[in-house]
2 protein chains.
Amino acid sequence: MVKDHENFNFLHFLILVHLLSNGGKNNYLEVTSSQMSRLINRSQQTASKVLIDLERENLIERVKNNKKFGIKLTDEGYQSLKDIYEILKKSMEVSADKQIIFKGKIVTGMGEGAYYMSLEGYRKQFYNKLGYKPFPGTLNVKLIDARYINSRRDLINHPSIHIDGFRNSDRTFGWVKCYTATITAVARSSYTLNSTPQHYKEGNVHVLLLERTHHDNSLIEVIGPHNIKETLKLKDGDNVVIKIRE
Amino acid sequence: MVKDHENFNFLHFLILVHLLSNGGKNNYLEVTSSQMSRLINRSQQTASKVLIDLERENLIERVKNNKKFGIKLTDEGYQSLKDIYEILKKSMEVSADKQIIFKGKIVTGMGEGAYYMSLEGYRKQFYNKLGYKPFPGTLNVKLIDARYINSRRDLINHPSIHIDGFRNSDRTFGWVKCYTATITAVARSSYTLNSTPQHYKEGNVHVLLLERTHHDNSLIEVIGPHNIKETLKLKDGDNVVIKIRE
DNA sequence: ATTACTAAGGGACGAGTAG
DNA sequence: TCTACTCGTCCCTTAGTAA
């Protein structure tokens, strides 16, 4: 993947990085094996061995002066670090897009959702903060895989649109967190994060997290401007993918 | 330096990177120890051990579903990678500035330099390409440390201003490569790349590399618009630092 | 002070295998 | 299939020491 020279371990990596960060790409640095050993938290002997290895693998060039060495990265040594850097960079960029994926089956809710959606205390905020008046009723998606159930549990830590709670004459109603998402119907149950799903239609929706929920973490409630079931032609038991974006 | 959890090796690093690049910061990925083993070029047993270690160190979170695991980076795991990334990034930035440093002593040249500087075939090009008419005569700097002698040998691979060779009725004259540099007189001979020199005065000059040189790699020839020795009050035997910038 | 060899101990790795 | 245990082997690390 990164380095197919067999003998490339973390110590080699650390030493190369240290050389690079001290100008070792263009200059022969005066570094001793004792200095290096302190840096990598190993003995002088080990540091010496690492330097010998790096030289053998043509990742550094050493020139002896008296007892000390002048050490410089070779082009190959620099390229090794650059390769690792590019891979890490790409990975960090991937992770910058905070997409969370759920997969589950459409189930029939208990009618609770429709009740909540009908309350003016929520509807006004939905309109102001989400930009639409939600279809009265939530789509319930049942998560099967433990992975998604865990992700659902972690959802509360992610950025969301906050709907305040309120009270009427009877009782108080808790806050609701809304997560911007897209929902997609999938053909078969073979979808994983790594495969490409055969998708049909996509809808822009919001996933809800209620302060006072009776639901377990295996159930997701979704709202949208229209009747999602109709728009996407969904029946109970159909598989859907929900992608949440920050 | 990077990671003081003792048991953090290159395999741990590779696995974390793979998870990150596949969205494992926000999702529980379905990855098996066999997949990982192929990725890191080790046995399934070793991959399994790595995953156990990473979980123990709280760098990943695993949730079992049937026999497989869903795996996600913890915040700490992500931070570990980010730390390494930031260090690498900083190192790459340092290396982007291609400064090369030489240290040596002023010596008296053989008068060759003055002769070459007087040739109109060179003087016209110096004026056009360097922006000044060089003082007739080169400053010769003797490199003592093998590190600098080696750097001098590598100089030919670095970007330079090219002065074409020419011929007159008698003979041909080779090309000359010019490297933009600053020269600084230093107080004592204690200067290394890592320490801060006590410098006196600085001059903008060019280091020359001649196609047909009789000099060994331990001698550097420097030209400038004025008499460098006088401007910097240099005597033979004085120490100077020459910094070359791209 | 350096670098680096040798010998010995311990930890990493993989084959076999259980659950 | 999966994960992960045991255990044998080998490599990595270090102390001692030479140059």
Side-chain angles (χ1 to χ4, degrees), chain A residues 1 3-15 18-19 28-57 60-72 144-147 150 189-190 192-195, chain B residues 1 3-15 18-19 28-57 60-72 144-147 150 189-190 192-195:
Chain A
M1 172 203 184
K3 197 74 185 74
D4 262 352
H5 290 88
E6 258 317 309
N7 292 325
F8 190 81
N9 63 29
F10 209 68
L11 300 186
H12 295 79
F13 174 67
L14 289 179
I15 298 265
H18 180 258
L19 293 175
Y28 289 82
L29 303 178
E30 189 176 273
V31 285
T32 70
S33 53
S34 304
Q35 288 176 290
M36 291 295 113
S37 72
R38 268 168 258 132
L39 193 80
I40 62 179
N41 231 13
R42 296 293 137 92
S43 68
Q44 171 270 321
Q45 289 85 342
T46 294
S48 173
K49 177 69 158 44
V50 170
L51 293 173
I52 292 170
D53 291 343
L54 288 174
E55 188 176 29
R56 285 224 180 91
E57 304 238 24
I60 64 172
E61 189 185 347
R62 298 197 293 176
V63 41
K64 201 158 198 162
N65 191 39
N66 201 6
K67 299 221 163 180
K68 294 180 181 179
F69 273 115
I71 301 183
K72 183 178 157 181
I144 313 294
D145 196 315
R147 300 189 281 151
N150 248 261
S189 58
S190 64
T192 70
L193 252 190
N194 312 309
S195 67
Chain B
M1 172 200 182
K3 196 77 186 69
D4 262 353
H5 291 90
E6 259 315 311
N7 293 325
F8 190 79
N9 64 29
F10 209 68
L11 300 186
H12 294 77
F13 174 67
L14 290 179
I15 297 266
H18 180 258
L19 292 175
Y28 289 82
L29 303 178
E30 190 175 273
V31 285
T32 71
S33 53
S34 304
Q35 288 176 289
M36 292 296 112
S37 73
R38 268 168 259 133
L39 194 80
I40 62 180
N41 231 12
R42 295 293 137 90
S43 68
Q44 171 271 322
Q45 290 85 341
T46 295
S48 174
K49 178 69 157 44
V50 170
L51 293 172
I52 292 170
D53 292 343
L54 288 173
E55 188 175 30
R56 286 224 180 92
E57 304 238 26
I60 64 171
E61 190 185 345
R62 297 199 291 177
V63 40
K64 202 158 197 164
N65 190 38
N66 201 6
K67 297 218 165 182
K68 294 180 180 178
F69 275 115
I71 302 184
K72 184 180 157 180
I144 312 297
D145 195 314
R147 299 189 280 151
N150 248 263
S189 59
S190 63
T192 70
L193 251 191
N194 313 308
S195 66

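Naming convention: chains lettered A, B, ... in sequence-line order (proteins, then strands); numbering from 1 in each chain.
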Separation of [X] atom [atom1] from [N] atom [atom2], in whole Å?
X	N	atom1	atom2	value
A:Lys64	C:dT2	NZ	C1'	8 Å
B:Asn66	C:dG19	CG	P	18 Å
A:Asn65	C:dT3	CG	P	12 Å
A:Leu51	C:dT2	CG	P	13 Å

Which angle, rounded to 10°, do you find between the first-five-pair axis and the last-five-pair axis of the helix from C:dT2-D:dA19 to C:dG19-D:dC2?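 Axis-to-axis angle, ends of the helix: 40°.
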
Can you tell me if A:Ser48 touches the phosphate of C:dT3, counting only side-chain N or O atoms and a distance under 4.0 Å to OP1 or OP2?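 For A:Ser48, the contact criterion (side-chain N or O under 4.0 Å from OP1 or OP2 of C:dT3) is not met.
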
Under 4.0 Å: is that the gap between some side-chain N or O of A:Arg56 and OP1 or OP2 of C:dA4?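 Negative; the distance criterion is not met.
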
Among side-chain atoms of A:Ser37 and A:Gln44, is any donor-acceptor pair under 3.5 angstrom?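 The answer is no; no qualifying pair exists.
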
Nearest heavy atoms of B:Ala146 and A:Val63, plus distance in Å: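 Nearest heavy atoms, B:Ala146 then A:Val63: CB-CG2, 3.6 Å.
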
Write down the atom of A:Gln35, the atom of A:Val31, and the distance for their closest heavy-atom approach.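 Looking at all heavy atoms of both residues, the shortest contact is OE1-CA, 3.1 Å.
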
Can you list everything that forms a side chain to side chain contact (heavy atoms under 4.5 Å, CB included) with A:Lys49? Sequence neighbours excluded, please.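 Partners of A:Lys49 under the side chain to side chain contact (heavy atoms under 4.5 Å, CB included) test: A:Asp53.
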
Residues in side chain to side chain contact (heavy atoms under 4.5 Å, CB included) with A:Thr46, at least two apart?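 A:Thr46 satisfies side chain to side chain contact (heavy atoms under 4.5 Å, CB included) with A:Leu11, A:Arg42, A:Ser43, A:Val50 only.
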
Can you pull the contact range of chain A along DNA chain D, 5' to 3', using atoms under 4.0 angstrom from its heavy atoms?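 First and last nucleotides in contact are D:dC12 to D:dG16.
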
How long is the straight-line distance from [atom2] of [Y] back to [atom1] of [X], given to the nearest 0.5 Å?
X	Y	atom1	atom2	result
B:Asn9	A:Asn9	CG	CG	8.5 Å
A:Asp145	B:Tyr28	CG	OH	12.0 Å
B:Arg147	A:Lys68	CZ	NZ	8.5 Å
B:Leu54	B:Phe8	CG	CZ	7.0 Å
B:Met36	B:Ile71	CE	CD1	6.5 Å
B:Leu51	B:Leu19	CG	CG	7.5 Å

Give me the one residue out of B:Glu61, B:Lys72, B:Arg62 that meets side-chain contact (heavy atoms from CB on, under 4.5 Å) with A:Asn150.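 Testing A:Asn150 for a side-chain contact (heavy atoms from CB on, under 4.5 Å) against B:Glu61, B:Lys72, B:Arg62 leaves exactly one candidate, B:Glu61.
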
Dump the pairs, protein N or O against N or O of nucleotides 8-11 of chain C, anything under 3.5 Å, distances to one decimal.
none

In terms of the nearest nucleotide of DNA chain C, which residue is placed more toward the 5' end: A:Glu55 or A:Lys67?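 Result: A:Lys67.
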
Base, sugar-phosphate or nothing for A:Ile52? Non-hydrogen atoms, less than 4.0 Å.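 Sugar-phosphate only.
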
Check: protein-nucleotides 13-18 of chain C nitrogen or oxygen pairs below 3.5 Å:
residue	atom	partner	partner atom	Å
C:dC13	OP1	B:Arg42	NH1	3.4
C:dG14	OP2	B:Ser43	N	2.8
C:dG14	OP2	B:Ser43	OG	2.9
C:dG14	OP2	B:Thr46	OG1	2.4
C:dA15	N7	B:Gln45	NE2	3.0
C:dG16	N7	B:Gln45	NE2	3.4
C:dG16	O6	B:Gln45	NE2	2.9

